[in-house]
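Okay, so here's the structure we're looking at.
Predicted model, so just to flag it, every value in this text is computed and none were measured.
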Amino acid sequence: MKYYLCKYIPPRADFLATMTADEKAWMKQHGAFLDDLLEKGRVVAHGPVMDPNGGYGVSLYQIADDQDIKAITSEDPIVKNGAGHYEHHPMLHLKARG
């Protein structure tokens with residue numbers, strides 16, 4: 001297994017406060033995308049980070065050795081629609097409760 005901390009970087013610092021109607025729809029799809037990966041066991045946890053310098057999202061991934069994290073996150077609807085991108089940070093291991 002491989003593990004990643006993925007940071008979703010929105011297109012602008014005030015994104016959460018200034019989203020267009022399209023961006024709001026894409027964000028709902030983004031949440032559903034991550035929830036689906038959570039149910040499938042690829043995502044361990046995800047959620048928004050309310051940084052005063054500009055919010056962003058964080059996801060912890062646990063994927064098979066033959067899977068490509070960039071290929072997975074490129075399918076996120078918010079990314080597919082050009083509203084931000086991901087940073088991918090490999091982790092040596094991931095321990096979780098339960």
Review point. Is there a side chain to side chain contact (heavy atoms under 4.5 Å, CB included) between Asp35 and His46 once you walk through the steps?
Key: CA-CA 8 Å; Asp35 286 345; His46 70 88; 2.9 Å; yes
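- Screening Leu94, Leu92, Leu60 for a side-chain contact (heavy atoms from CB on, under 4.5 Å) involving Tyr3 leaves a single residue, Leu94.
- Judged by distance alone, with hydrogens and angles left aside, the side-chain atoms of Lys2 form a donor-acceptor pair with the main-chain N or O of Gln67 at under 3.5 Å.
- The line from CE of Met91 to CE of Met1 is 13.0 Å long, rounded to the nearest 0.5 Å.
- Considering NE2 of His85 and OG of Ser74, their distance stands at 14.0 Å, rounded to 0.5 Å.
- Closest of all the heavy-atom pairs between Pro10 and Gly55 is CG-O, 3.2 Å.
- Follow the hydrophobic side-chain contacts under 4.5 Å out from Val49 and you never reach Ile9; the two are in separate clusters.
- The hydrophobic cluster containing Met27, built from Ile/Leu/Val/Met/Phe/Trp/Tyr side-chain heavy atoms closer than 4.5 Å, also comprises Tyr4, Tyr8, Phe15, Leu16, Met19, Trp26, Phe33, Leu34, Leu37, Leu38, Val43, Met50, Tyr61, Ile63, Ile69, Ile72, Ile78, Val79, Tyr86.
- Here the shortest heavy-atom pairing between Glu23 and Thr20 reads OE1-N, 2.9 Å.
- Looking at residues two or more places apart in sequence or on another chain, you find a side-chain contact (heavy atoms from CB on, under 4.5 Å) between His89 and Leu5, Glu87.
- Residue Arg42 holds its CZ atom at 13.5 Å from OG of Ser59, rounded to the nearest 0.5 Å.
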